[in-house]
Amino acid sequence: MAAGAARGLCGLALLLSQLYGLSGRAGSLMTTKHSQPQSTFARSLTSTSTNTPYFKAAESTEIPSYVTKCPSNGLCSRLPPDCMTCNTNYSCVYGKPATFDCKVKPHVHCVDQNNHEQENFTVNMTCQFCWQLPTTDYVCTNSTNCMTVSCPRQRYNATCTVRDHIHCLGNRVFPKMLYCNWTGGYKWSTALALSITLGGFGADRFYLGQWREGLGKLFSFGGLGIWTLIDVLLIGVGYVGPADGSLYI
């Protein structure tokens, strides 16, 4: 009787231990299932919080330099060439008037004859390239390193820029070979007057910066008058000029 009771108690204890083991595994599984989303969410929060914020680059508001040359709300047809972009008219005849389709550049505002703002318009100009313009329509750099009084007359490489109100085809800045035409401030009338009055003492040669010739005339009394007469003729026709090679004023 006692042995049977002992066996019953052992079986009951074994059953309870099995039930406890099953409940423990189920609890651990439930804990794992619930903890996985939490850890994933935590990681997502952590990764999101450590990302560097993104800022959109600010758009450039710098105004182009050509805008300063463009009058605001002026007539489009009278704008300087730097304020517009024109299509080349390949059918135009050289030297003849031609019409070109143009459009204002960004940040430029202009109007038509009726004071209505417009972007597309036409411009009338002569069909010719910028380097073919008259010399009065462009400005060139000057050179002081060449001789203006020489045979043949010297030339120099100049950089020329078309004036703002002139329209033409091609580049508005171009190179050009020009004759030496700079001046050192010497006056032809003064040199001629000195040659006629005081030429026998070399005053004309001294004035032009030709010291050796001036001393020669001074000590030879103008070559006994012959050198004086010759200098009057040479200065009168412009053959003898300043020693620095410049032109008379």
Side-chain angles (χ1 to χ4, degrees), residues 62-72 74-90 92-98 100 102-108 110 123-192 204-213 234-249:
E62 184 178 357
I63 300 177
S65 59
Y66 60 79
V67 176
T68 57
K69 301 180 181 179
C70 309
S72 179
L75 288 177
C76 295
S77 58
R78 295 185 179 179
L79 286 175
D82 291 338
C83 305
M84 64 181 74
T85 303
C86 299
N87 297 327
T88 304
N89 186 354
Y90 294 101
C92 67
V93 180
Y94 171 73
K96 301 295 183 180
F100 295 83
C102 302
K103 182 179 180 181
V104 293
K105 291 184 178 180
H107 304 284
V108 178
C110 63
V123 171
N124 297 322
M125 69 178 77
T126 304
C127 182
Q128 60 183 349
F129 288 98
C130 295
W131 60 270
Q132 296 172 322
L133 291 171
T135 55
T136 56
D137 292 340
Y138 54 82
V139 179
C140 300
T141 57
N142 210 340
S143 175
T144 58
N145 297 323
C146 58
M147 297 292 292
T148 59
V149 182
S150 62
C151 186
R153 191 175 176 186
Q154 291 186 4
R155 294 174 178 260
Y156 69 98
N157 291 319
T159 301
C160 302
T161 305
V162 181
R163 299 185 185 275
D164 290 339
H165 65 282
I166 302 297
H167 293 271
C168 57
L169 302 176
N171 296 326
R172 299 184 61 81
V173 179
F174 53 90
K176 198 165 187 178
M177 291 289 294
L178 299 178
Y179 285 111
C180 298
N181 60 350
W182 65 284
T183 178
Y186 297 95
K187 293 184 178 181
W188 173 81
S189 59
T190 302
L192 182 60
D204 50 353
R205 294 283 183 166
F206 286 128
Y207 172 74
L208 296 174
Q210 301 175 7
W211 296 96
R212 288 177 296 181
E213 292 82 354
L234 294 180
I235 294 175
V237 298
Y239 183 80
V240 173
D244 58 5
S246 63
L247 292 175
Y248 289 113
I249 295 178

What's the spacing between [X] [atom1] and [Y] [atom2] if we round to 0.5 Å?
X	Y	atom1	atom2	result
Leu192	Lys187	CG	NZ	14.0 Å
Leu169	Gln132	CG	CD	8.5 Å
Asn87	Lys103	CG	NZ	10.0 Å
Arg172	Leu133	CZ	CG	8.5 Å
Met177	Cys140	CE	SG	12.5 Å
Ile235	Leu208	CD1	CG	5.5 Å

Check whether any side-chain heavy atom of [X] lies under 4.5 Å from a side-chain heavy atom of [Y], and answer yes or no.
X	Y	result
Pro80	Pro71	yes
Val240	Asp204	no
Thr126	Lys96	no
Phe100	His167	no
Val108	Met84	no
Tyr248	Thr190	no

May I ask you to check whether over 12 heavy atoms, not counting those of Arg78, lie within 6.0 Å of atom CZ?
no

Neighbour count >12 (heavy atoms, 6.0 Å) for atom CG, Asn171
no

Does [X] use its side chain to pair, donor to acceptor, with the backbone of [Y] at less than 3.5 Å?
X	Y	value
Arg155	Lys176	no
Lys105	Asp82	yes
Thr159	Thr141	no

Assess the residue pair Cys83 and Cys110 against the criterion (disulfide (SG to SG under 2.5 Å)); give the C-alpha distance rounded to whole Å, side-chain angles, the decisive distance to 0.1 Å, and a yes or no.
CA-CA 10 Å; Cys83 305; Cys110 63; over 6 Å; no

Give the intermediate values and the outcome of ring pair (Phe, Tyr, Trp, His ring centres under 6.0 Å) for residues Phe129 and Phe174.
CA-CA 10 Å; Phe129 288 98; Phe174 53 90; over 10 Å; no

Between Val162 and Tyr138 the two heavy atoms that sit nearest each other are CA-CB, 3.8 Å

Please find the pair of heavy atoms, one from Gly209 and one from Ala243, that lie closest to each other, and give the distance.
O-CB, 3.5 Å

